[in-house]
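Both backbone and side-chain heavy atoms feed into the values below; hydrogens, waters and symmetry mates do not. We're numbering straight along the sequence, starting at 1. Each ligand, and each atom within it, is numbered from 1 in the order the structure gives.
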Amino acid sequence: MNPFSMKEQDMKFGTKAIHAGVQPDPTTGAIMTPIYQTSTYVQESPGVNKGYGYARGKNPTRDALQANIAALENGKHCVCFSSGVAATDAVLKLLSPGDEVITGDDLYGGTYRLFTKIYEKFGIKFHFIDLTNADNVKQYINSNTKLIWAETPTNPTMQIIDIEAVSTIAKAHNIIMVADNTFASPYLQNPLDLGADIVMHSVTKYLGGHSDVVMGALITNDEKIHEQLYFILNSSGANPGPMDSFLVLRGIKTLHLRMQRHCENGKQIAHFLKDHPAIEKVYWPGFPEHPNHEIAKKQMRDFGGMISIVLKDKSVENTYKVASSFKVFSLAESLGGVESLINHPATMTHASIPKAEREKAGVVDNLLRLSVGVEHVDDLIADLQQALA
Ligand SMILES: *Cc1c(COP(=O)(O)O)cnc(C)c1O
């Protein structure tokens with residue numbers, strides 16, 4: 001069957017990744033969506049145009065990418081932003097002073113910083129709670145509660161939050177439920193299908209997949225929320241550029257292949273690390289003894305390539321030595337790219353969270369986070385072996 005005559009919602013994931021939202025260029029037949037590197041569009045007469053007025057609001061390369069990402073999340077609408085943080089910022093702009101937000105106690109550091117350092121100043125109140133038990137949410141809900149923000153798996157301790165259970169509570173109280181799906185990617189989990197109102201992605205990570213773009217996305221099935229988010233994008237101006245949109249559109253074409261390998265490598269490496277004498281603890285949701293393993297099995301299709309380890313030796317010197325002695329893994333922030341990365345959350349991605357808060361969430365100084373790439377797993381294991389020796 002010719003995929004172009006097939007409805008997008010009937011396509012399997014790998015077909016959607018390649019074809020959804022993408023049409024051959026109408027003027028030349030180019031199979032790849034061109035990079036429409038333009039800031040404005042010529043009008044026939046004032047207000048009469050081809051649907052494009054000014055490129056902050058709309059760009060054809062970005063439109064193709066948004067349609068593609070929406071399809072991958074089983075959503076109707078997607079709005080892309082200049083970064084994941086800008087996408088989060090746009091969601092917060094749906095709120096008014098006095099509103100309250102319930103969120104997890106293990107969050108991406110930049111999300112925590114945006115909430116506490118920017119939005120608390122504007123009169124938004126945040127409750128950072130243990131979301132792994134959905135019922136915990138109930139005692140924090142009052143008439144001002146407007147938003148629940150759940151990241152799952154969490155960064156870096158890989159807690160799993162039951163999206164369906166949390167969104168059921170949110171719906172009963174008319175609260176918008178947002179899922180940060182960055183760690184899972186749409187290949188592993190689709191929060192809209194589980195009842196979330198908005199899915200947020202740091203596109204920088206698995207969707208882009210090649211460590212060459214910073215971008216964010218918000219996906220929803222709700223017309224009103226979509227209109228508001230688009231209004232915020234156009235009014236606040238955190239739009240991504242056409243070149244970046246093209247790079248992500250290209251990156252996504254192999255998302256399913258990359259994710260398969262991330263998951264296979266992740267599984268082998270998690271098991272290797274679990275038995276290693278230098279390691280105290282391995283955080284990976286695929287282990288049956290992981291406290292949220294059953295929920296992970298229920299809402300995810302596999303367990304991903306993100307793993308955190310706690311070293312037995314608690315000294316900072318040893319942690320730094322291990323972190324700096326890799327040959328294949330690179331010591332760097334970010335995740336989800338083809339190349340394997342190692343990160344020290346306490347000084348890197350989570351440095352903006354106060355030490356006491358951080359340690360309460362398990363982000364101790366001797367914790368390292370691995371983003372397992374798609375290199376050959378034998379080389380990755382050999383690298384871990386020499387770095388931990
Ligand atoms: C990286 C990240 C973000 C922020 O996205 P940027 O693209 O870096 O702005 C948000 N949430 C999670 C889980 C992330 O890993």
Side-chain angles (χ1 to χ4, degrees), residues 65 69 73 78-93 101 103-119 126 128 131 147-161 163 178-189 191 196 198-219 233 236 238-241 244-245 247-248 251-252 259 262 283 285 300 304-308 332-337 341-345 348-353 358 361 363 367 369-373:
L65 173 64
I69 295 177
E73 282 291 6
C78 169
V79 184
C80 284
F81 293 83
S82 53
S83 70
V85 165
T88 306
D89 180 76
V91 173
L92 271 287
K93 284 176 177 156
V101 178
T103 186
D105 55 11
D106 180 29
L107 278 181
Y108 171 68
T111 305
Y112 180 87
R113 180 174 58 193
L114 180 67
F115 288 180
T116 55
K117 294 282 168 36
I118 307 278
Y119 280 97
F126 295 88
F128 299 94
L131 282 179
L147 193 78
I148 298 177
W149 183 279
E151 189 180 308
T152 181
T154 68
N155 179 4
T157 63
M158 313 298 156
Q159 295 171 6
I160 307 294
I161 289 147
I163 298 171
V178 190
D180 180 340
N181 203 24
T182 300
F183 264 41
S185 90
Y187 178 80
L188 293 180
Q189 150 182 302
I198 303 173
V199 173
M200 177 267 171
H201 275 287
S202 169
V203 172
T204 314
K205 316 296 169 51
Y206 285 107
L207 289 171
H210 294 74
S211 313
D212 51 7
V213 176
V214 173
M215 196 189 290
L218 298 171
I219 306 98
L233 170 92
S236 293
N239 55 289
D244 285 355
S245 301
L247 286 171
V248 175
I252 287 176
M259 287 309 297
H262 284 298
Y283 291 103
M300 296 171 74
M306 294 303 299
I307 301 170
S308 291
E333 296 196 16
S334 200
L335 60 108
L341 301 182
I342 185 131
N343 163 54
H344 183 236
M348 295 164 74
T349 46
H350 290 60
S352 51
I353 304 177
R358 214 183 353 96
V363 189
L367 181 143
R369 190 191 74 186
L370 311 181
S371 171
V372 176

How close does the nearest protein non-hydrogen atom get to atom 4 (C) of ligand 1, and which residue and atom is it?
Tyr108 CE2, 3.4 Å
Between Val85 and ligand 1, does any nitrogen or oxygen pair lie at a separation below 3.5 Å?
yes
re atom 5 (O) of ligand 1, the protein heavy-atom contact at minimum distance is Ser202 OG, 3.0 Å
Is there at least one pair of N or O atoms, one from Leu335 and one from ligand 1, spaced under 3.5 Å apart?
no
Where ligand 1 meets Glu151 - atom numbers and elements under 4.0 angstrom, heavy-atom basis:
13 (C)
Write out the residue and atom name of the closest protein heavy atom to atom 1 (C) of ligand 1, then the distance separating them to 0.1 Å.
Lys205 NZ, 1.4 Å
Aromatic ring proximity, centroids under 6.0 angstrom, His262 and Tyr206:
yes
Could Lys93 and Phe81 be counted as a cation-pi pair, given that NZ or CZ must be under 6.0 Å from the ring centre and within 45° of the axis?
no
Do Ser202 side-chain atoms and Gly84 backbone N/O form a donor-acceptor pair below 3.5 Å?
no
For Gly84, the ligand 1 atoms whose distance to one of its heavy atoms is below 4.0 Å
5 (O), 6 (P), 7 (O), 9 (O)
Tell me which protein heavy atom sits closest to atom 11 (N) of ligand 1, plus the residue, atom name and distance to 0.1 Å.
Asp180 OD2, 2.7 Å
Within the distance-only criterion (no hydrogens, no angle test), does the side chain of Ser308 pair as donor or acceptor with the backbone N or O of Tyr283 below 3.5 angstrom?
no
Near Met215 (heavy-atom distance under 4.0 Å), the atoms of ligand 1 are 7 (O)
Can you tell me if Ser245 uses its side chain to pair, donor with acceptor, with the backbone of Leu65 under 3.5 Å?
no
Mind telling me whether Phe115 and Trp149 have parallel, tilted or perpendicular rings, with 30° and 60° as the class edges?
perpendicular
Determine whether a donor-acceptor pair (N or O, by modelled atom type, separation under 3.5 Å) exists between the side chain of Asp106 and the backbone of Thr157.
yes
